[in-house]
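Just so you know, ligand 1 is whichever comes first in the structure, and atom 1 is the first atom listed for that ligand.
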Amino acid sequence: MNLPRTQHSPAPLGCPPAPTAPAAAPRGPVRPGLRFVPGLLDPGSPALAQAGGPPGRRLLVVDARVHELHGHRLHHYLDARGVDHETLVLPGHEQVKTMDAVFQVADRTASFGISRRGAPVLAVGGGVLAEVVGLACTLYRRSTPFVRVPTTLHGLVAHRPGVETLVDPAFLVTLGRRHVASGLAEVLKVALIADAELFALLERRGRDLLDTRCQAAGIGAAVLARVVHATAFDCGAADGRHYGHIFSPTLETRALPELLHGEAVCVDMALSTVVARRRGLVDAEQAERILRLMRRLELPVRHPLLESITLGGALADTVRRRDGRRWLPLPFGIGAGVLVDDLDGRELVGAAGWLRAWSAVADAAPTLDG
Ligand SMILES: NC(=O)c1ccc[n+]([C@@H]2O[C@H](COP(=O)([O-])OP(=O)(O)OC[C@H]3O[C@@H](n4cnc5c(N)ncnc54)[C@H](O)[C@@H]3O)[C@@H](O)[C@H]2O)c1
C-alpha cells in the first residue's frame, strides 16, 4: 500500500481495486502463492500433501493449541495421503516469539535432514508461528522452503512473498473470541486505509464475523478474500502496512502479555484517527464511525499505559526502527491514507487527551455503539 505524501490529496493508494466481495468462498489463488482450500484436511484433497514440492517427507511445525484442537485431523490426513512426517509442536503466543524458538526449528530441521530443494517444512499456526518458522527457514542453509497454513486472521495477513500459503477458513472456528477481535483489527486496518467498502461491510456485519469466527454465510470467506487481496500486491514500499504502528510496538512490548497484537494496533489506529481529526483529514462524523466500529468489534481504543509511556519516545523508537524514515501514515477520510512527516509527541499527547474524554462519554452512553 503506497500512500501519497501530501496531506490533502485523496489519491488512491496505488493498489488494484479490491473485487466486489464474492458471496462464496473463493477457490484457487487470491494472491500469488496463496490459495483458499476449504476442506484442506479432507484426505480426498491433495493440496497440502503436494504443496511446496513433490510428495515425500515433511517436517510439520505446529502451534501447540492448534495441535491440541486439530492435530488428530492433521496426522490422519498426512497418514492417509502417505506423507512420512515428523512433528515439532511449539507454543504460539507473543512471549514465545524468541530466537530460542527459531533455533529450535532450525535444530529440528537439521536433525530431520531436510534438503534445500526437497521436502518443505509445513508451518501450521498463527502469526507468531509463521514468523518463527519463516525466520528459521530463511536462515537455515540459505533458505529452506516452507508452506504456511494460517490458522488465525493475523496469520492470514502475515504475507511472505514467494511462500506457498494454503488457507482453510474452518481453522478459525476454534479461535477464542478475543483473538478473532484482535484479528479483525487487522481487517479494520486494511479497511480504514485502503478499502471504504470493506469498512462499510464491517459496520454492517462485523459483529456477525466476530460471533461466527468469520464463518457467517456469504460473508466470512468473502471478507477474508478481500483482505488478502488488499494486502496482496505489495505495491512497492508498502507504506500503508505501517499504519497502526506509530507507537503500538512500544505499547505492545510494555503491556505484554495483557494486550494482544491487534489490540495494540487498534489503540494506535484510534489515536491516529484523532490526530487526523484534529488536522482536518477526517471529519467529525467519520471519526465517530471509526471509533464506534472499534468498540463494536470489542477492540480497545485506549489503554492505561498510554498515560505513562512517553508517546514522543515511542514515536522516536519507531522512526529509529524505520532507519530514520519519518513518513508515517494517517487516515484520510475512510478508505484512504496519507503520509505525514511532521508528527510529534506533543500532538500525540493532545490526541490521547481527546480520546480519553471521548471514551469517558462513550462509556457513559454505551448504547451509542449499538
Ligand atoms: N509479518 C506480518 O506481515 C504480520 C502481520 C500481522 C501479524 N503479524 C504477527 O502475528 C503475530 C500475531 O499473530 P496471532 O494473533 O496469530 O498470534 P498467535 O500466533 O500467538 O496466535 C494467537 C493464539 O491463538 C492460538 N491459536 C492459533 N490458531 C488457533 C486456532 N485455529 N484455534 C484456536 N487457537 C488458535 C495460538 O496458540 C495463540 O495462543 C504478531 O506477533 C504479529 O507481529 C505479522
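Between the Gln215 side chain and the Pro169 main chain, a donor and an acceptor come within less than 3.5 Å of each other. Of the possible donor and acceptor atoms, one in the side chain of Asp168 sits under 3.5 Å from a partner among the backbone N and O of Gly39.
In this view, Ala101 and Thr98, Val132 satisfy the side chain to side chain contact (heavy atoms under 4.5 Å, CB included) rule, not counting sequence neighbours. Looking at residues two or more places apart in sequence or on another chain, you find no salt bridge (Lys or Arg N to Asp or Glu O under 4.0 Å) involving Arg73. For Gln104, the side chain to side chain contact (heavy atoms under 4.5 Å, CB included) partners at least two apart in sequence or on another chain are Leu88, Leu90.
The pair Asp363-Arg295 counts as a salt bridge, with a side-chain nitrogen and a carboxylate oxygen less than 4.0 angstrom apart.
Sorted by chain and number, the residues within 4.0 Å of ligand 1 by heavy atom are Asp63, Arg65, Val66, Leu69, Gly92, His93, Glu94, Lys97, Gly126, Gly127, Val128, Glu131, Thr151, Thr152, His154, Val157, Ala158, His159, Phe171, Thr174, Leu175, His179, Glu186, His261.
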